[in-house]
Amino acid sequence: MSQKLVAVKGMNDLMSPQIEIWQFVERTAREMFGTWGYSEIRTPIVEDTALFVRSVGEVTDIVSKEMYTFEDKGGRSITMRPENTAPAVRAYIEHGLGQQPVTRWYYLGPMFRYERMKTGRYRQFYQIGAEAYGPADASQDVENIALAWHFLKAIGIQHVTLHLNSLGDAPDRPKYLEALRAYFAPHVATFSDAAKETFERNTMRLLDTKEEALRPLVAGAPVIGDFLGEAAKAHFDEVKALLTTLGIPFVIDRTLVRGLDYYTRTTFEFIYEPPAGDNALGTAGTVCGGGRYDNLVRELGGPDKPAVGFAMGLDRLVLLLESLGTRLERRPLLFIATMEPELKAHAVKLVTELRMKGLAVDFDPRGGKFKRQLDRALAVKARHFVVYGQSEHEARAFKIKNMDLPDGDPNKEATVPLDGLAEWLLNAARVAPVTTPPGS
RNA sequence: GCGGUGGUAGCUCAACUGGUAGAGCACAGGACUGUGACUCCUGGGGUUGCCGGUUCAAGCCCGGUCCAUCGCCCCA
């Protein structure tokens, strides 16, 4: 019985016309993150399972139920990375980078979580992240946040709000947790099963519950801000002040606790807040999440190095750009139709020469009727169109038609000698770039 | 993991209370031998997601399964 072979659930093929948007986002990230002093790190897709259990946290949903974990042929427990911070930290330690005062890395690639799918959430999804190891200063937090902020602006994302919170230092946590549990404890009996479990397992996560019934209670819960130690409090104040200095707007979100255990002090998320009627991301509103993790390097066996970083969901960024009407398909600058079969060799040679000069030139290898080739030129949205036929071959000149202009426009057609064609096209490419950035 | 909705041609969708599957777009050929999306004709295409059941007969009814989609949980 032959079954139809399809992609594994939650894992998608990415192709044109979306892939051009992916490439645009990735290209912009590589350029911009590089400018900001971050260099790329590529870690393996799989790691020792223990790495994620120890870093992300045993009681988190990611580790307790969402990991792609399997045994390899040597009997080792292997996990496909659900996030890239822990692998980066592992690499940081493994290569002895603790010797350096500052290390800044970015990564870009697929992550894997075994989850129920919905809009903007897939089992193989893509993240772009940036991590800075070394500096404990608030200016490092803010640099990292500012990078995320300006990157989102650069690719044309709108309607995102920066949510900010501080989780304090490790010693602050137990005191706060105790107060939080004491606050919720009298009400647990009235909780839903899910909420009860959250209370038992990870009390802080009750703060960002989506259960309407719990909202009033959560609103009156103790806030972590009142439990911050002096140092953490001063750090948070400085982060806020610096963000203001840089003109980056933010809201304080006391309920922002995030799902990974390793965060300390600053946590932040960029959340998509759609205009009315828009539902591009469904309930998956977070496009970027991050924060400081001052203890993780040490906890994984490395030196005592503070760090801060973020990760963005590429899938969600692309979804947003698509919903904004972004179209980035590549258009040939010129389409050359061939007429007499015996001249095809000349035409192919011309196409090749122009391409080698960096010009996007296309033709129809099938040849055939003029109309078919013209239709082909229209289908691939070529900007200009010429015929390479007997008369052009003899005159060594072309009549170039600008396909973007309506009939009757005085600039519709131009006569260009064969020798001047490349230069003419280079100039045309300058006037109208092959791809246009979103929002233009 | 739990609940709602849905899967028919490459794409968008039709097919009444069960009666041997259709249109538009796209693709290919022609009318038409070289310059704008036109028009007209013709053609290829489908085991109706998959498996099983009920029935004389299943795209339609029943069960399972896979996939998609929305909400919960959670997250990028």
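We use all heavy atoms of the structure for the numbers below, so side chains are in, but hydrogens, waters and symmetry mates are not. Residue numbers begin at 1 in each chain, while the letters A, B, ... track the order of the sequences.
- Pair assignment for G46(B): none, as no Watson-Crick or G-U wobble contacts are both less than 3.5 Å.
- Rounded to an integer number of Å, the gap from CE of Met11(A) to P of A68(B) is 11 Å.
- With a cut-off of 3.5 Å on both Watson-Crick or G-U wobble distances, the partner of A14(B) is given as none.
- One atom, CZ of Arg116(A), and another, P of U69(B), lie 11 Å apart when rounded to the nearest Å.
- For Met117(A), taking side-chain heavy atoms from C-beta onward, the closest of the listed nucleotides A68(B), G1(B), C73(B) is A68(B).
- Taking every side-chain heavy atom of Tyr114(A) into account, G1(B) is the closest of A76(B), A68(B), G1(B).
- Taking atom C1' on both nucleotides, G7(B) is separated from G46(B) by 14 Å, rounded to a whole Å.
- Electrostatic pairing of Glu26(A) and Arg30(A) does not count as a salt bridge here, judged by no charged N lying under 4.0 Å from a carboxylate O.
- When rounded to the nearest whole Å, the span between CD of Gln124(A) and P of A76(B) equals 17 Å.
- To the nearest whole angstrom, the two C1' atoms, one in G18(B) and one in A31(B), are 44 Å apart.
- With C1' as the reference atom, A23(B) and A9(B) are 11 Å apart, rounded to whole Å.
- Exactly one of Glu131(A), Gln127(A), Arg90(A) qualifies for a side-chain hydrogen bond (donor to acceptor under 3.5 Å, both in side chains) with Thr85(A). That residue is Glu131(A).
- A straight line from NZ of Lys9(A) to C1' of U69(B) spans 10 Å, rounded to a whole angstrom.
- Shown here are the side-chain contact (heavy atoms from CB on, under 4.5 Å) partners of Leu421(A), two or more places apart in sequence or in another chain: Leu334(A), Leu350(A), Leu354(A), Phe398(A), Ile400(A), Val416(A), Leu425(A).
- A donor and an acceptor atom, one from each side chain of Asp169(A) and His235(A), are nowhere located under 3.5 Å apart.
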- Mark up nucleotides 28-37 of chain B, 5' to 3', with B wherever a protein heavy atom is under 4.0 angstrom from a base atom, S wherever such an atom reaches only the sugar-phosphate, and - elsewhere. SSS---BBBS
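- For Leu256(A) and C74(B), the CG to P distance is 14 Å, given to the nearest whole Å.
- Under the side-chain contact (heavy atoms from CB on, under 4.5 Å) criterion, Thr267(A) pairs with Asn165(A), Leu167(A), Leu256(A), Arg258(A), Tyr263(A), not counting sequence neighbours.
- Taking atom CZ on Phe112(A) and atom P on C74(B), their separation rounds to 24 Å, with Å as the unit.
- For the pair Tyr126(A) and Ala379(A), both in contact range of RNA chain B, the more 5′-proximal nearest nucleotide belongs to Ala379(A).
- The residue Tyr122(A) sits close to a base: some heavy atom pair falls under 4.0 Å.
- Nucleotide U55(B) is matched to nothing when pairs are restricted to Watson-Crick or G-U wobble geometry with both distances under 3.5 angstrom.
- C11(B) and G30(B) have their P atoms separated by 27 Å, with the value rounded to a whole Å.
- Rounded to whole Å, the C1' atom of C27(B) lies 9 Å from the corresponding atom of G10(B).
- Listed by chain and residue number, nothing satisfies the side chain to side chain donor-acceptor pair (under 3.5 Å) test with Tyr122(A) (two or more places apart in sequence, or in another chain).
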Without placing hydrogens or testing angles, list every side-chain donor-acceptor pair under 3.5 Å for residues 12-19 of chain A, not counting sequence neighbours.
residue, atom, partner, partner atom, Å
Ser16(A), OG, Glu20(A), OE1, 3.0
Ser16(A), OG, Glu20(A), OE2, 3.1

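- For the pair Phe125(A) CZ and C74(B) P, the computed distance is 17 Å after rounding to whole Å.
- With both pairing distances under 3.5 Å, U5(B) is matched to A68(B) as a Watson-Crick or G-U wobble pair.
- Separating the CD atom of Gln373(A) from the C1' atom of C27(B) is a distance of 17 Å, rounded to the nearest angstrom.
- Comparing the C1' positions of A21(B) and A14(B) gives a spacing of 10 Å, expressed to the nearest Å.
- Mapping Asn12(A) and Glu269(A) onto RNA chain B via the closest heavy atom, the residue that lands nearer the 5' end is Asn12(A).
- Across all strands shown, U39(B) is found opposite A31(B) as a Watson-Crick or G-U wobble partner, with both distances under 3.5 Å.
- Heavy atoms of Gly10(A) sit under 4.0 angstrom from primed sugar atoms or phosphate atoms, though from no base atom.
- Shown here, C60(B) forms no base pair; nothing in the strands shown gives a Watson-Crick or G-U wobble contact with both key distances under 3.5 Å.
- The separation of U42(B) from A68(B), taken at their C1' atoms, amounts to 37 Å, rounded to a whole angstrom.
- With P as the reference atom, U54(B) and C60(B) are 15 Å apart, rounded to whole Å.
- Thr203(A) pairs by the side chain to side chain donor-acceptor pair (under 3.5 Å) definition with Arg181(A), not counting sequence neighbours.
- Rounding to the nearest 0.5 angstrom, the gap separating the CG atom in Leu162(A) from the CD1 atom in Ile252(A) is 8.5 Å.
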